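All values derive from a computational prediction rather than experimental measurement. Proteins come first, then strands; the chains are lettered A, B, ... in the order of their sequence lines, and each starts at number 1. Below, each value reflects all heavy atoms present in this structure, side chains not excepted, and no hydrogens, waters or symmetry copies.
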Amino acid sequence: MRIATWNINSLRARTERVVAFLDRHQVDVLALQEIKAKPAQLVLDPLLEAGYEVAAHGLNQWNGVALISRVGLADVRRELPAVPTWPEEPGGVVEARAISAVVGDGLRIWSLYVPNGREIDHPHYAYKLRWLEALRAEGARELAQDPAARAVLCGDFNVAPQDEDVWSMEFFEGRTHVTEPERAAFRAVVEAGYADLVRPEHPGPGVYTYWDYQALRFPKKEGMRIDFLLGSPAVQAATTGSFIDREERKGKGASDHAPVVVDVDL
DNA sequence: ATGACACCTCTCAGGTGA
């Protein structure tokens, strides 16, 4: 089974790119982030005609996640348990940043869009850390219930776990994505039992999944590795290969993120 | 070996992204 994650930066603006990507690589399950739409706003016919089912979760023009599968889509769950609201005060809402379903032969796949954090002294940064803790707790709960669980956490984690995951640590000095608390929150998810399925085959430096639209970051190879597929032990053991589809970042109308693809023998 | 921000909406300005 071939699974992928991709921050699409508006599904409505790039539905045809998604269909072409699924066809080009024969992807079975795709986790999308930043669909930037309510489900009712989406025109899904091209995906349905290509043989896929879609489960989308979006509340407004911000955030939004979806799962696209041609190997089943059962027991869909929206939101993470115990996730903080934004803002973290009365009147705050649970944003559309998580959706999961069971695909294929009992694989629970999550599509996750971790909050950006904005600036280190911004309330959004504390929200990001608590959101990651809610993810760790849910991941730990699943493996405590069944250590052999087939589970994969896919998405835009908005954390560069290592210095080599950004094009310049000098550039990111004092900015989010590279701070120790964010990295510790990411490591806590890994230490709960979810291994990076791509890094062993594609170590850095210079391996990225995101390039800013501005300042010629992509042709200058100035990117960040912030999109990950983290697998439970059963999924890690079944992983047979992976790649980052850099070609998809090229040309007019590209998302600023590239898809990340993993093959699992499940 | 790639291309000079781009998406959204309470739209021509502001919020968000990283």
| field | B/dA4 to B/dG15 separation - P atoms, rounded to the nearest Å | value | 26 Å
| query | Does CD in A/E180 sit with more than 12 non-hydrogen atoms of other residues, nucleotides or ligands closer than 6.0 Å? | reply | yes
| message | Work out how far the P atom of B/dA18 is from that of B/dC7, and round it to whole angstrom. | response | 14 Å
| query | How does protein reach along nucleotides 8-18 of chain B, written 5' to 3' as B (base within reach of a heavy atom under 4.0 Å), S (only sugar-phosphate), or - (no contact)? | reply | SS-----BSSB
| When rounded to the nearest Å, what value does the distance between C1' atoms of B/dA6 and B/dC12 take? | 16 Å
| field | Atom C1', compared across B/dG3 and B/dG14: separation rounded to whole Å | value | 28 Å
| query | Within the side chain of A/W6, is there an N or O that forms a donor-acceptor pair under 3.5 Å with the backbone of A/H257? | reply | yes
| said: So A/R217, base contact, sugar-phosphate only, or nothing? Heavy-atom distance under 4.0 Å. | reply: nothing
| remark: Separation of B/dC5 atom C1' from A/R14 atom CZ, nearest Å, is 11 Å
| Contact check, side chains of A/I68 and A/L44, non-hydrogen atoms, under 4.5 Å | no
| message | Taking only side-chain N and O atoms of A/R249, does any of them lie within less than 4.0 angstrom of OP1 or OP2 on B/dT2? | response | no
| Between A/K221 (NZ) and B/dA1 (C1'), how many Å, whole number? | 8 Å
| query | In whole angstrom, what separates A/K250's NZ from B/dG3's C1'? | reply | 12 Å
| Sub-3.5 Å donor-acceptor pair from the side chain of A/R175 to the main-chain atoms of A/E119, do we have one? | no
| query | Is the glycosidic angle of B/dC12 within 90° of 0, making it syn, or outside that range, making it anti? | reply | anti
| message | Applying a 4.0 Å non-hydrogen cut-off, can you work out what A/A37 is touching in the nucleic acid: base, sugar-phosphate, or nothing? | response | nothing
| Does NZ or CZ of A/R187 come closer than 6.0 Å to the centre of the six-membered ring of A/Y194, within 45° of the ring's axis? | no
| task | Evaluate the ring planes of A/W211 and A/Y208, with Trp represented by its six-membered ring, and classify them as parallel (under 30°), tilted (30 to 60°) or perpendicular (over 60°). | result | perpendicular
| query | Which is it for A/Y127 and A/H124 under the ring-ring contact (aromatic ring centres under 6.0 Å, His included) test, yes or no, and what are the steps along the way? | reply | CA-CA 5 Å; A/Y127 168 57; A/H124 210 258; 5.3 Å; yes
| request: Sticking with atom P, work out how far B/dC8 lies from B/dT2, rounded to a whole angstrom. | output: 25 Å
| In whole Å, what separates the C1' atom of B/dC5 from that of B/dC10? | 24 Å
